[in-house]
Amino acid sequence: MLGYLAHRLLMMIPTLLVISVFVFIIIQLPPGDYLTTLVTELQAQGEEISQEKLEFYRQEYGFGEPVVLQYLHWLWGLLQGNLGYSFEHEQPVADVVGDRALLTIVVSMGTIIFVYVVSFPIGVYSAVRQYSAGDYALTFVGFIGLATPNFLLALVLMYLANEYFGTSIGGLMDDHFKDQPMSWAKMVSILEHLWVPVIVIGTSGTAGMIRRLRANLLDELHKQYVVTARAKGVPPGKALIKYPLRMALNPFIADIGNILPEIISGSAIVSIVLSLETTGPMLLRALQSQDMYLAGSFLMFLALLTVLGTLISDLALAALDPRIRLGADLAK
Amino acid sequence: MSDATQGTSDLKHYVNDRPFDPYSAVTLSPEQEKYYLASQWVLMWMKFKRHKLALISGIYLVLVYLSVVISEVLAPYSFSHRHTDFLYAPPQDVRFFHNGEFMGPFVYEYDVSLNLEELRWVYTENTARPKQLRFFCTSDDYAGSTYEFWGIWESNFHIVCPAKDSQFFFLGTDRLGRDIQSRIIQGARISLTVGMIGIIISFTLGLVIGGMAGYYGGWIDSVVQRVIEVIRSFPALPLWMALSAAMPVTWSPILVFMGITVILGLLDWPGLARAVRSKLLALREEDFAVAAQLMGAKPSRIIGKHLMPSFMSHLIASATLAIPSMILGETALSFLGLGLRPPITSWGVLLNEAQNFSAVALYPWLLYPAIPVIMVVLAFQFLGDGLRDAADPYK
């Protein structure tokens, strides 16, 4: 198991490196470097940028150096936990982000838990009672969930909440907790507000999960060994849980690698609509003002989150399935 | 044993005098012949037909895509005409009975007044003034009837249009008084093409890259695998957002449209490439592939002529399932204001109006463009499901 863990951790390094190159390319994409744009813009407004500031920016990002050096500069900063400097806010990115990063993780984790908790029983039910009225109804709801873009769901929910309950469901905490340090009361307030974004973001993932679990379980249930077990009089519950369910569970766990990017994508846009205090709205603002280093840090953070999530799912899978961990040990 | 011999001797010897055809078990009835001799594609069609929901979805999609050709004619108004007297007008109900009397489809005209407290226009139906709808009309006697077909030919032929000097806002109007129904019909043109062009790009890329990885294996395969892993580990939407935000502001809307399509297509190929690769890995070991190789066929010929046909149907099915994600991607981007820009009109651009929540609370009909999005995405899902089931007709 330890060997497998080490193997997986080592595998992450090249992946993350390639991701960082991608992110850096995106940062560099807008024409001209940010500094020149900034200077001309300020000059157009009749303002003069101080020489010290220019020098500071130049140092922070190595502007004027060859692109490769700039990249290394940036990467080195990242490795030291220096997320860079936001031009728009004139603050280090780490300060701008604040606990938004933490809240993003909270929302994503909450959504994943929601997806698994909801889709597991429904998926099993749909497979065991295939073609029953309940199965049809759930399949139908699932299809709608898959087809509805989640930002629309957020808008509709907000509209309905406003129309029928007269409340606003936006935000992730009560207003007076904003800009306050994390405390127990704030935590509770966050948990109270969490359910709306979690449901909105999780719906399509849940729908997909249910469909896949149902298909996998159905495949297993039609196999000979299940028929044999039934014929020999194994009680239905045991004949379901003992083997077929365990077999179908593997892809279910492995799927986290698929749904995590989806959830993080979804949370980015939903948090913009619901104006949550996560990284989503900030990413949008950074992109709109072409504050590319800030945006790049967010992208890097989101990608890191996905890679870590995939790692966790792989580890869970290895713990669950001896073939995987032994296979990795053998391969070594 | 003795019983058995006893039994046979009791039976009279019997010979059927009908002519005997030794191949009777082998010859096929016409129906069987049709089935057994049918080509792969015919079999797939037979299997697909049984999936009613997929069939209906397919027909629906064909109709929607056909409508794109004549959007201007289907819409009652030119999509950019501003009815300045009718800002945020609510949808008008189509009625059939006026004072209990049947008079065909008509709408009541709006009386407009200003609510000074909330500072908004109030529209009330004037039941004294029913205005009959007209069909297949070529009149320019109402505002906004003239349009340029595909931006070239000027015309004012519409399938449905309001009465003379009257209005027909089936789905209401927006902030600038533009008819939402007309704009939705017009938006289909862009929203649906984005999906199609995007899928063509990603399909080509997936086929070429996945094909190379699967056929050659070795280091090409490992590089491709790594790249796929990286792209898949990126959350798609933030990446799309970043790429489309990186497009220069100076680009014209058409150029932006092309850019968005390319971005959507460029990031979608890994799924397809993966499918192609795994199929190729399995198939290239088959005898017929080895035989072709021994006879000196070039890799491109082996892939294109021998291997591709056996998994093309699967690819088409998965491509169909990938189109919705592109349509949704474009919608999300434009909704955020990072995607297409007016005057290009797509469903996402229309929904951009609904981004402001207070507008939605007051004017919920701004959300109508969401309905075609959901319908089209659903239809693609069903169609894709049906195609996937039919993709392997020999199973």
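Protein chains get the first letters and strands the later ones, always in sequence-line order, with residue 1 at the start of each.
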Chain A contact via [X] - side chain, backbone, both or neither, heavy atoms under 4.5 Å:
| X | value |
| --- | --- |
| Ile327(B) | neither |
| Leu338(B) | side chain |
| Phe380(B) | neither |
| Pro238(B) | both |
| Ile374(B) | both |

Does a sphere of radius 6.0 Å around CE in Met258(B) hold more than 12 heavy atoms from other residues, nucleotides or ligands, not counting ones at 6.0 Å or beyond?
-> no
Do the ring planes of Tyr363(B) and Tyr88(B) sit parallel (below 30°), tilted (30 to 60°) or perpendicular (above 60°)?
-> parallel
Contacting moiety of [X], where chain B heavy atoms sit under 4.5 Å:
| X | answer |
| --- | --- |
| Phe22(A) | side chain |
| Leu152(A) | side chain |
| Phe151(A) | side chain |
| Ala268(A) | side chain |
| Leu287(A) | both |

Which of [options] touches chain B most, by non-hydrogen pairs under 4.5 Å:
| options | answer |
| --- | --- |
| Val307(A), Val156(A), Ile272(A) | Ile272(A) |
| Leu155(A), Val18(A), Ile263(A) | Leu155(A) |
| Leu302(A), Thr279(A), Leu260(A), Ile25(A) | Leu302(A) |
| Leu283(A), Asn150(A), Thr15(A), Leu284(A) | Leu284(A) |
| Leu304(A), Val273(A), Thr306(A), Ile144(A) | Thr306(A) |

Please confirm whether the backbone N or O of Leu237(B) pairs with a side-chain atom of Ser265(A), one donor and one acceptor, at under 3.5 Å?
-> yes
Output all residues satisfying side-chain hydrogen bond (donor to acceptor under 3.5 Å, both in side chains) with Arg211(A), sequence neighbours left out; order by chain, then residue number.
-> Asp385(B)
Would you indicate whether the side-chain heavy atoms of [Y] and [X] approach each other to under 4.5 Å?
| X | Y | result |
| --- | --- | --- |
| Trp365(B) | Asp174(B) | no |
| Leu383(B) | Phe48(B) | yes |
| Glu330(B) | Thr193(B) | no |
| Arg388(B) | Thr320(B) | no |
| Thr148(A) | Ser204(A) | no |

Candidate list Ile344(B), Thr345(B), Ile260(B), test side-chain contact (heavy atoms from CB on, under 4.5 Å), partner Ile190(B), passing option = Ile344(B)
Look at Gly337(B), Ala236(B), Ala242(B) and state which one has the largest set of heavy-atom pairs under 4.5 Å with chain A.
-> Ala242(B)
Most chain A-contacting option - heavy-atom pairs closer than 4.5 Å, from Val230(B), Thr331(B), Ile231(B) = Val230(B)
Residues in salt bridge (charged side-chain N to carboxylate O under 4.0 Å, His left out) contact with Asp221(B), at least two apart in sequence or another chain | Arg277(B)
